[in-house]
Amino acid sequence: MTERRLRTQVGIIGAGPAGLLLAQLLARQGIESVIVENRSREYVEARIRAGVLEHQTVQLLTDAGVGDRLHREGLRHDGVYLQWPGERHHIDFPGLCGRSVWVYGQTEVVKDLIAARVEAALPLHFDVADTALVDVESDRPQIRFTSADGEATVLECDLVAGCDGFHGISRPAIPEQLRTTWERVYPFAWLGILAQVAPSTDELIYAWHPDGFAMHSMRSPSVSRLYLQVDPTERIEDWSDDRIWSQLQHRMGLDGWTLNAGPVLDKGITPMRSFVSAPMRHGNLFLAGDAAHIVPPTGAKGLNLAAADVKVLAEAIVARTQEGRTDLLDAYSDTALRRVWRATHFSWWMTSMMHVNPHGDAFDRQLQLSQLRYVTSSTAAATGLAENYTGMPFE
Ligand code: APR
Ligand code: PHB
């Protein structure tokens with residue numbers, strides 16, 4: 001069989017937010033890249049993920065030329081509500097730290113980035129198979145894959161960006177003895193629904209309840225996104241729409257407030273973990289996004305961390321390509337990991353404060369309630385939440 005040979009500056013594995021945004025940032029600086037993705041465009045554009053963008057993520061997407069629809073359809077939120085039975089409190093982000101967040105689905109970010117790539121007629125291969133990395137330690141690393149039309153392809157690169165998520169091939173391409181990983185698997189999961197109903201709140205509600213955490217988010221003025229803490233062994237088949245709505249009402253209920261129910265468009269259960277793998281570089285392979293780290297969804301940091309990684313990586317690649325400087329690329333892993341650990345701590349902290357630990361006791365629950373009262377009554381404590389939630393400034 002003949003092999004097709006291609007050449008590019010940056011080979012990118014994965015068309016999630018990390019890979020797509022990296023390609024977009026590089027293209028704006030005249031740097032060539034090729035993206036290979038093993039799923040179809042339809043699949044990638046239909047995947048329902050989180051939906052809160054930090055202030056700086058919005059800035060980055062805007063500067064990258066993909067902010068038009070985000071500014072038209074995204075919802076700026078100036079805070080969140082924290083709640084426990086009988087009390088709901090607002091945290092005012094601009095008042096505390098001068099920044100806001102935007103509610104705009106990750107699915108929409110991905111659609112916008114794919115549209116920009118397709119419009120510019122730049123290479124993006126969906127439905128590839130057999131992706132493999134070769135010679136990543138060398139200065140001519142390769143991505144090998146079988147294209148959608150069945151052609152065996154060798155993509156020769158100056159460097160490779162592993163943006164292939166938690167289950168991809170890039171992290172395992174770093175020899176195990178060179179990697180350190182840290183992991184926390186939480187004893188609960190999120191059952192999430194997307195519903196065709198106007199949100200019952202103007203801003204997100206994070207609710208602590210003795211029967212488990214519940215949360216109200218949204219995607220648009222007519223689509224709501226809601227979550228329930230469930231046991232990780234729960235099966236979605238056992239959760240009828242009625243059962244989900246009644247648990248949401250039970251856990252988020254407050255005198256004088258009603259939760260609007262509506263048709264459920266999508267539902268699923270997601271396990272929760274924290275995971276970090278270091279270093280984020282091996283030779284000419286650079287990891288970004290979920291390929292290197294996972295956070296539980298409570299702080300809405302996953303997409304924002306992926307965006308922060310590729311901002312740092314794109315700037316480092318530009319410095320090497322345009323000025324011959326390698327210092328930024330050499331610092332990439334350490335620079336990215338400092339932000340990763342801040343977000344890892346924040347997500348763990350939000351998760352621990354809001355969820356009922358099935359192995360915990362009444363003492364743990366009193367500590368959580370005390371922490372919630374503190375965060376909602378002390379400006380110092382609320383500021384810590386606000387600046388992390390809206391995103392710490394880039395270094
Ligand atoms: N070859 C090609 N593509 C691959 C391979 C492979 N071997 N393995 C995985 N992929 C693709 C996946 O199909 C997916 O589209 O890589 C992409 C990785 O995208 P994401 O999982 O979305 O990861 P990332 O871009 O880092 O974005 C992180 O996504 O999971 C959420 O919460 C997370 O919001 C965060 C964001
Ligand atoms: C979401 O809208 O899907 C969402 C919002 C906030 C979170 C997690 C998920 O903390």
Side-chain angles (χ1 to χ4, degrees), residues 11-23 34-41 43-54 57 75 77 80 101-110 113-114 124-133 143-147 155 160-173 190 192-194 199 203-206 213 215-220 223-227 266 268 270 272-273 275 280 287-310 313 340 343 346-347 350-351 354 389:
I12 300 177
I13 310 182
L20 289 164
L21 180 56
L22 176 64
V34 173
I35 310 177
V36 297
E37 163 62 51
N38 60 5
R39 300 287 195 161
S40 67
R41 178 173 179 181
Y43 180 92
V44 169
E45 291 189 342
R47 234 174 354 202
I48 308 295
R49 297 276 185 78
V52 176
L53 306 183
E54 291 174 0
T57 305
L75 311 166
H77 281 200
V80 291
V101 293
W102 287 70
V103 173
Y104 187 69
Q106 176 172 325
T107 312
E108 307 310 315
V109 172
V110 164
L113 285 163
I114 292 175
L124 167 51
H125 300 267
F126 286 105
D127 299 298
V128 308
D130 315 319
T131 327
L133 281 167
I143 302 173
R144 291 173 173 250
F145 61 96
T146 307
S147 65
L155 173 64
V160 171
C163 303
D164 48 356
F166 187 62
H167 301 286
I169 58 160
S170 298
R171 189 178 64 256
W190 273 19
I193 62 166
L194 192 70
E203 291 179 339
L204 274 54
I205 304 170
Y206 289 79
F213 170 72
M215 169 170 167
H216 193 327
S217 180
M218 63 194 74
R219 287 294 175 274
S220 74
V223 176
S224 299
R225 178 88 171 137
L226 299 114
Y227 296 98
D266 185 273
T270 320
M272 286 165 73
R273 74 169 85 216
F275 175 90
M280 288 170 61
L287 304 183
D290 278 16
H293 42 75
I294 297 284
V295 287
T298 325
K301 289 290 156 221
L303 166 62
N304 294 295
L305 270 187
D309 285 353
V310 300
L313 183 55
V340 167
F346 176 65
S347 307
M350 281 284 281
T351 300
M354 299 307 311
Y389 196 100

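We count residues from 1, following the sequence as given. Indexing begins at 1, ligand by ligand and atom by atom, following the structure's order.
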Query raised in the report: If we only count heavy atoms from C-beta on, is the Leu124 to Leu20 side-chain gap below 4.5 Å?
Result: yes
Report summary line: atom 36 (C) of ligand 1 sits nearest the protein heavy atom Gln106 NE2, 3.5 Å
**Report entry** Validation row: Leu204, Met215 side chains within 4.5 angstrom (heavy atoms)
**Finding:** yes
Query raised in the report: Tell me: protein heavy atom nearest atom 20 (P) of ligand 1, and distance?
Result: Arg49 NH1, 3.8 Å
Query raised in the report: Within a strict 4.5 Å, meaning less than it, do heavy atoms of the Leu226 and His216 side chains meet?
Result: yes
Report task. Decide yes or no on side-chain contact (heavy atoms from CB on, under 4.5 Å) for Leu303 and Arg49, but give the supporting numbers first. Result -> CA-CA 9 Å; Leu303 166 62; Arg49 297 276 185 78; over 6 Å; no
Query raised in the report: Tell me: protein heavy atom nearest atom 25 (O) of ligand 1, and distance?
Result: Ala18 N, 2.9 Å
Query - Any N or O of Arg39 closer than 3.5 Å to N or O of ligand 1 - result: no
Requested in this report: Look at the side chain of Lys301 and the backbone N and O of Ile294, then say whether any donor-acceptor pair between them is shorter than 3.5 Å.
Outcome: no
Query raised in the report: Tell me: protein heavy atom nearest atom 26 (O) of ligand 1, and distance?
Result: Asp290 N, 2.8 Å
Query raised in the report: If we only count heavy atoms from C-beta on, is the Leu133 to Ile143 side-chain gap below 4.5 Å?
Result: yes
Requested in this report: With the side chain counted from C-beta on, respond yes when Trp190 and Thr298 share a heavy-atom pair under 4.5 Å apart, and no when they do not.
Outcome: yes
Report task. Taking only heavy atoms of Val36 into account, list the atoms of ligand 1 that are under 4.0 Å away from them. Result -> 2 (C), 3 (N)
Report task. Ignoring hydrogens and angles, tell me if any N or O in the side chain of Thr107 forms a donor-acceptor pair with the backbone of Arg47 under 3.5 Å. Result -> yes
Query raised in the report: When you look for heavy atoms under 4.0 Å from ligand 1, do you find them on the side chain of Leu305, its backbone, both, or neither?
Result: neither
Query - Atom indices of ligand 1 within 4.0 angstrom of Gly165 heavy atoms, with elements - result: 18 (C), 21 (O), 23 (O)
Query raised in the report: Side chain of Asn304, backbone of Tyr389: donor and acceptor closer than 3.5 Å?
Result: no
Query raised in the report: Would you say the side-chain atoms of Asp164 pair up with the backbone N or O of Ile169, donor to acceptor, closer than 3.5 Å?
Result: yes
Requested in this report: Indicate yes or no: does an N/O atom of Glu37 lie under 3.5 Å from an N/O atom of ligand 1?
Outcome: yes
Requested in this report: Among all protein heavy atoms, pick the one closest to atom 19 (O) of ligand 1 and tell me residue, atom and distance.
Outcome: Gly16 CA, 3.4 Å
Query - Between CD1 on residue Ile35 and NE2 on residue His125, distance to nearest 0.5 Å - result: 9.5 Å
Query raised in the report: Which of the numbered atoms in ligand 1 are below 4.0 angstrom from a heavy atom of Gly168?
Result: 8 (N)
**Report entry** Part of Thr131 within contact of ligand 1 (heavy atoms, under 4.0 Å)
**Finding:** side chain
Query raised in the report: Which residue and non-hydrogen atom of the protein lie closest to atom 2 (C) of ligand 1, and at what distance in Å?
Result: Asn38 N, 3.3 Å
Query - Subset of ligand 1 atoms that lie under 4.0 Å from at least one heavy atom of Leu303 - result: 34 (O), 35 (C)
**Report entry** Verdict with reasoning, Asp309 to His293, per side-chain contact (heavy atoms from CB on, under 4.5 Å)
**Finding:** CA-CA 11 Å; Asp309 285 353; His293 42 75; 2.6 Å; yes
Query raised in the report: Taking all atoms of both residues into account, what is the closest heavy-atom pair of Glu37 and Ala15, and its distance?
Result: OE1-N, 2.7 Å
**Report entry** For Gly289, the ligand 1 atoms whose distance to one of its heavy atoms is below 4.0 Å
**Finding:** 26 (O)
Query raised in the report: So, the side chain of Arg219 versus the backbone of Arg225: is there a donor-acceptor pair under 3.5 Å, distance only?
Result: no
Query - From OG1 (Thr57) to CD (Gln106), nearest 0.5 Å - result: 11.0 Å
Query raised in the report: Contact residues of ligand 2 with a heavy-atom cut-off of under 4.0 Å?
Result: Ala50, Gly51, Val52, Trp190, Leu204, Tyr206, Met215, Ser217, Arg219, Arg225, Tyr227, Pro297, Thr298, Ala300
Query raised in the report: Out of Leu22, Val310, Asp164, whose heavy atom is nearest to atom 9 (C) of ligand 1?
Result: Asp164
Query raised in the report: Where's the contact between His167 and ligand 1, heavy-atom distance under 4.0 Å: side chain, backbone, both or neither?
Result: neither
Query raised in the report: Has ligand 1 got any nitrogen or oxygen that is less than 3.5 angstrom from a nitrogen or oxygen of Val44?
Result: no
Report summary line: of all protein heavy atoms, closest to atom 18 (C) of ligand 1 is Cys163 O, 3.4 Å
